[in-house]
Amino acid sequence: MIGPLTSDQFFAEAQRLIPGGVNSPVRAFRGVGGRPFFVARAEGARLFDVDGRSYIDYVMSWGPLILGHAPKRVRDALQAVLDRGWSYGAPTPGEVELAREIARAYPSIELVRLTSSGTEAAMAALRVARGFTRRERIVKFEGCYHGHGDSLLVKAGSGGATFGVPDSLGVPADLARLTVTLPFNDLDGARSVLDALGREIAAVIVEPVVGNMGVVPPRPGFLAGLRELTARHGALLIFDEVITGFRLGYGGAQALYGIAPDLTVLGKIIGGGLPVGAYGGRREIMAQVSPLGGIYQAGTLSGNPLAVAAGLETLAALREPGVYETLEARAAAVENGLLEAARAARVPVTLNRVGSMLTCFFTEGPVVDWASAKAADTRRYAAFFHGMLEGGVYLAPSQYEAAFLSLAHGDDDLAATAAAARASFRTL
Ligand code: KE4
């Protein structure tokens, strides 16, 4: 254990050992400038850094911690597992219970497989769609992120709605060409691609409410349109609900918007902050997954007892009456506080919110897709971010991420957030 260093000293040491000093790029603060603080501990809605500062946290581990940090009931559930050993590589009763709970909450999921990350689950869902349909092309949307699988790190090629090109070094061009990337909310674009290439399209994958360009809700009719188009062309509709699953309501976005996808990708909340992912869908599709069928996917720690216990306890807490109404009210309070502060300072912003996930874009707006999201003034967001940090509030260190409320955010936190916003907006 390295001794009691400051965040800056830890960061200097981390950069000697870890690419960019972080184990996931967004944590390096490159989207907002400055250097990341290093966390010592967390509790409820608060993070405490190694320098003795504390922050009201709206990153919440990027979504999983809908109950807040270190809730006692989850800690007790984890302790019970620790006392029995915590990894076996063999089936456990908890995995059956979590599969049952997911299938009960998501009627479109008849069979579900757990993984250790959302990336794995999204990659597996694509492979299942390709194996089931015997087709190779997929469609995704600009600004949607589905983990770092090769087929999904692809952006629209010069040919617009035809062949994709890699969005990362190391992604084979031949593979990228199989991914068509369209603007989110562009149903006409989806219709023309599916009408032209329908017989070749294995799947359309979408974040039903986007979190990864900042929060962008679907236009009325967009998701239903994708459902109708994919059904008509024999392509599978995949909802990536890694963020929205159990966030927007217990049944996620598919319950909120009344759309039954063919496959669903889950993560984050179902692990309560421990490594997890899941993919599942109709029995006839998932029955082709090994060892039942010829589509292979595996994982040493899939269904890990600690992640399963934390997930089950988190979901149990979310079944208590009034939970989502509380989250909605608190998120609305944060939205109003931010908007009032921006208005008082005459700073143009667009605030997109669905349930307890929200993003304050520094642009006149509206923000409905990647093109309108990237028009945001990221320098102004960065200044706002640091102003909020000074005020003891930790927002996502990128304009293109979501802020998340938890059940641990109380009235004092909301009032302090509004006060920090008034002060920060005044400096812009
Ligand atoms: P993971 O492999 O990071 O568990 O999940 C990938 C993933 C898949 N689908 C959606 C909709 C996601 O949002 C994610 C991961 N989300 C990002 C934040 N937007 C994780 C944070 C990070 O990359 O450090």
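Start at 1 with the first residue, then count along the sequence. When a ligand or atom number is given, it counts from 1 through the structure's own listing order. Below, all heavy atoms of this structure are taken into account, side chains as well, without hydrogens, waters or symmetry copies.
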Exercise. Please indicate whether R35 has more than 12 foreign heavy atoms, meaning atoms of other residues, nucleotides or ligands, lying under 6.0 Å from its CZ.
Key: no

Quiz item: Relative to each other, are the rings of F425 and F362 parallel, tilted or perpendicular (30° and 60° limits)?
Solution: parallel

Self-check item: Gap between atom CD of E13 and atom CD1 of I18 - 0.5 Å precision
Solution: 9.0 Å

Quiz item: Out of F239, Y400, Y145, whose heavy atom is nearest to atom 10 (C) of ligand 1?
Solution: Y145

Quiz item: Quick one: which of K268, E401, M213, H148 has a heavy atom closest to atom 17 (C) of ligand 1?
Solution: K268

Quiz item: Counting only non-hydrogen atoms of the protein, does one fall under 4.0 Å from atom 3 (O) of ligand 1?
Solution: no

Practice problem: Could you tell me how the ring of Y55 sits relative to the ring of F37: parallel (under 30°), tilted (30 to 60°) or perpendicular (over 60°)? | Solution: parallel

Quiz item: So which of G118, A402, G245, G267 gets nearest to atom 5 (O) of ligand 1, if we judge by its closest heavy atom?
Solution: G118

Practice problem: With heavy atoms of I243 as the reference, note each atom of ligand 1 found under 4.0 Å away. | Solution: 13 (O)

Practice problem: Report yes if some N/O of T119 lies less than 3.5 Å from some N/O of ligand 1; otherwise report no. | Solution: yes

Quiz prompt | Passing candidate, ring pair (Phe, Tyr, Trp, His ring centres under 6.0 Å) with W370, options Y400, F141, F184 | solution = Y400

Self-check item: Selection from C144, P64, A122, G147 by shortest heavy-atom distance to atom 6 (C) of ligand 1
Solution: G147

Self-check item: H146 contact mode with ligand 1 (heavy-atom cut-off under 4.0 Å)
Solution: backbone

Practice problem: Check ligand 1 against S24 and write out every atom of the ligand that is under 4.0 Å from a heavy-atom position of the residue. | Solution: 22 (C), 23 (O), 24 (O)

Quiz item: When you look for heavy atoms under 4.0 Å from ligand 1, do you find them on the side chain of N212, its backbone, both, or neither?
Solution: side chain

Exercise. Please identify which atoms of ligand 1 are closer than 4.0 Å to at least one heavy atom of S117.
Key: 2 (O), 4 (O)

Self-check item: Subset of ligand 1 atoms that lie under 4.0 Å from at least one heavy atom of E207
Solution: 11 (C)

Exercise. Give me the ring orientation class for Y250 and Y324: parallel if the planes are under 30° apart, tilted from 30 to 60°, perpendicular past 60°.
Key: perpendicular

Quiz item: Aromatic ring centroids of Y106 and F246 under 6.0 Å?
Solution: yes

Practice problem: Drop me the distance from S151's OG to R130's CZ, to the nearest 0.5 angstrom. | Solution: 4.0 Å

Quiz item: Which of the numbered atoms in ligand 1 are below 4.0 angstrom from a heavy atom of V26?
Solution: 24 (O)

